[in-house]
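Single-structure report; data block below.
To find a chain, count down the sequence lines: A is the first, B the second, and so on, and within it residues start at 1.
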Amino acid sequence: MGNIGGIVAAIVGVVLAGLTVITAVNVSEPDRSGDSGTVSEIDLIDYDRL
Amino acid sequence: MAFRRHLGARRGDVALGAWSVVLGILMLAPLAAPGYVLSYDMVVVPDQALLPSSVGVSSALPRAVPLDAVVAIVDDVVPAALVQRLALFGVVVGAAWGAGRALPASSTPYRLVAASVYGWNAYVFERLVIGHWPVLIGYALLPWLLIIARRVRAGQPGAAAGGVLLAAVAAVTATGGILTSTFFAALVLAPGGRQRRRTKLGVALALVALQAPWIVPGLVRPQAAVSAAAGVEAFAARADAPSGLIGSLMTLGGIWNAGAVPGSRALMASALLSGVIVALALAGARELRRRMNRVEAVVVPVFAAGGLVLAAAGAVPGGRDVIEWLVTQVPGAGLVRDGQKFLAWFALLLAMAAGHGTARIVKAVCRPGTRAVPRLIACGAVLLPLAALPDLAAGAAGRLTPVQYPQSWAQIRTALHESSAPGDVVVLPFQPYRSFPWADGRTVLDPAPRYFGVEPVVPDALPVGGSVVPGEDPRARRIDAALTAERPLAGLAAAGVGWIIVLRDTPGEVPGAVVAGARRVAHYDEVELFRVPGPIRPWTDVPPRGPIVAANIVCLATLAVASVDLVRNAVLRRRRSIGSLVS
């Protein structure tokens with residue numbers, strides 16, 4: 001269990017590290033027109049009235 | 001052996017405290033610069049005045065009561081800019097530290113995981129950026145109240161008083177009071193425990209008394225404290241991540257205002273990392289339940305579930321109808337229309353469960369006796385919240401940078417204070433939010449009403465998502481109508497307004513007839529001060545002062561009794577420990 005567990009942990013660790021890098025690289029210019037949908041479409045404070 | 005254990009625990013506490021401070025520094029480092037952080041509802045001014053409206057003697061709903069009064073008093077002793085920094089830093093460090101300390105029967109690495117999850121998440125980002133720092137005070141105090149409730153239930157003298165005093169800090173606003181007092185009350189008043197019946201009664205009465213300064217102004221105001229149904233949809237939680245509404249809420253996001261959402265929330269990679277944190281919590285939920293005492297094992301999950309339900313209610317059919325009925329029919333129920341803030345209870349469960357989940361993973365994948373892999377896994381779990389939300393660093397990616405008020409504001413304030421002419425003030429354009437070039441164009445609740453130190457009339461109709469959510473203040477509505485009427489100045493004078501301040505460096509219209517007819521008293525750069533001609537009729541349609549003063553006296557007396565009890569028990573404990581050393 002220990003060896004297999006260690007290998008699984010290492011694979012998961014590599015995947016998480018990859019996701020971390022992807023997040024960090026893209027966060028400076030977030031693409032809000034993607035999957036989240038509502039974020040890009042709804043700008044709830046009405047700046048026109050300000 | 002006992003000494004080693006004690007030393008280990010002490011080192012663990014130091015590590016937890018140090019990590020919490022590191023989180024605070026990473027998040028709020030830009031606040032080292034001078035100035036004031038202005039972001040949406042977060043408004044701090046150099047010297048806030050103590051006005052009747054600060055305690056709720058106003059036609060407006062008591063939204064920042066008694067917070068405004070507390071800030072006005074405290075900033076006479078400590079500079080407001082320092083108060084703001086202490087509050088924000090205290091919130092972040094206190095939340096993380098408290099969550100780590102609250103984790104029952106666990107070792108340091110897993111306490112650090114709980115600290116990271118609770119101190120660094122989308123809820124903290126969104127509530128910081130939207131400026132709801134009083135809500136975050138309640139959030140930060142929840143784990144500490146859990147710890148104190150354990151002591152109360154163990155019969156420790158003075159613990160109840162300590163809990164009451166902590167709950168008082170959060171009760172500076174209605175939401176903070178509800179978040180903390182209901183949670184603490186449920187933990188202390190639940191059947192069982194070694195606390196005396198007198199203690200339970202005392203805690204219950206004290207917690208109610210702490211809410212009096214904001215409840216009473218709402219109850220005794222001439223109009224019912226109900227809100228418009230339109231606000232329910234506007235302030236409902238919404239998906240801010242690829243995981244949809246429920247996924248957004250489970251990962252502690254989903255605030256109604258898209259402008260307060262971190263950019264990383266839109267990324268699939270960030271959503272997956274946040275999902276891993278939820279998976280860790282699911283893995284540790286059973287172990288957490290096993291290690292909590294019988295009452296906690298019920299109260300904490302029930303509140304967490306309640307928080308999730310309240311957060312989602314306004315956004316789902318059926319739930320929205322219920323919330324609409326509540327806010328339009330039940331005075332004060334408008335507090336639940338922005339239900340996402342009640343995720344605070346869920347966040348505490350999530351953080352503690354994630355700590356135990358990490359321990360379970362380590363136990364499952366590592367052979368007994370190995371050290372390196374468990375450390376790596378724990379280290380990864382501690383850093384996971386930061387990896388999922390990197391833009392919370394550096395002042396929420398620059399959104400919390402301090403700015404300086406222009407010199408012209410101070411000059412206008414001086415001019416206003418040199419006059420003894422009667423009347424309240426309105427600030428034009430008559431809109432609740434501003435966008436100043438000197439504040440990087442950020443949307444910010446108008447600081448002018450708090451800055452100039454004269455009783456203001458503030459518009460409370462909110463332009464949201466292309467429509468306007470009606471306000472609750474009849475006086476603000478009357479002034480709004482007067483500004484577009486044929487004789488606006490007569491309308492303002494009849495509504496008790498003697499002063500007009502015009503801000504020229506923020507978008508919005510200033511009615512020409514108002515400025516043409518009024519007498520200009522002062523003009524510095526982009527700010528002008530006008531006097532409304534003729535007699536000013538005082539505005540008397542406000543809550544009566546008597547009950548509000550009584551409510552504040554009751555609250556202060558409660559604080560005094562709790563403080564005396566806390567000190568008395570601390571002295572007794574010290575005497576006992578000295579006595580045992582001597583004998």
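Using a 4.5 Å cut-off between heavy atoms, A271(B) does not touch chain A at all.
Here OG of S270(B) is found 10.5 Å from CG of N26(A). Values are rounded to the nearest 0.5 Å. Note that CG of L384(B) is 9.5 Å distant from CG of L19(A), once rounded to the nearest 0.5 Å.
Enclosure of atom CZ in R360(B) is not indicated, since only 12 or fewer non-hydrogen atoms of other residues, nucleotides or ligands lie within 6.0 angstrom. Other residues, nucleotides and ligands place no more than 12 heavy atoms under 6.0 Å from the CD atom of E233(B).
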Side chain to side chain contact (heavy atoms under 4.5 Å, CB included), that's the test. Do L267(B) and I22(A) meet it? Break it down for me. CA-CA 9 Å; L267(B) 301 170; I22(A) 293 169; over 6 Å; no
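The heavy-atom pair separating A24(A) from P390(B) by the smallest distance is CA-CG, 4.4 Å. Contact detail for T23(A) and A388(B): the closest heavy-atom pair is CG2-O, 4.2 Å.
Considering only heavy-atom pairs separated by less than 4.5 Å from chain A, the leading option among L272(B), L273(B), V373(B), D391(B) is L273(B).
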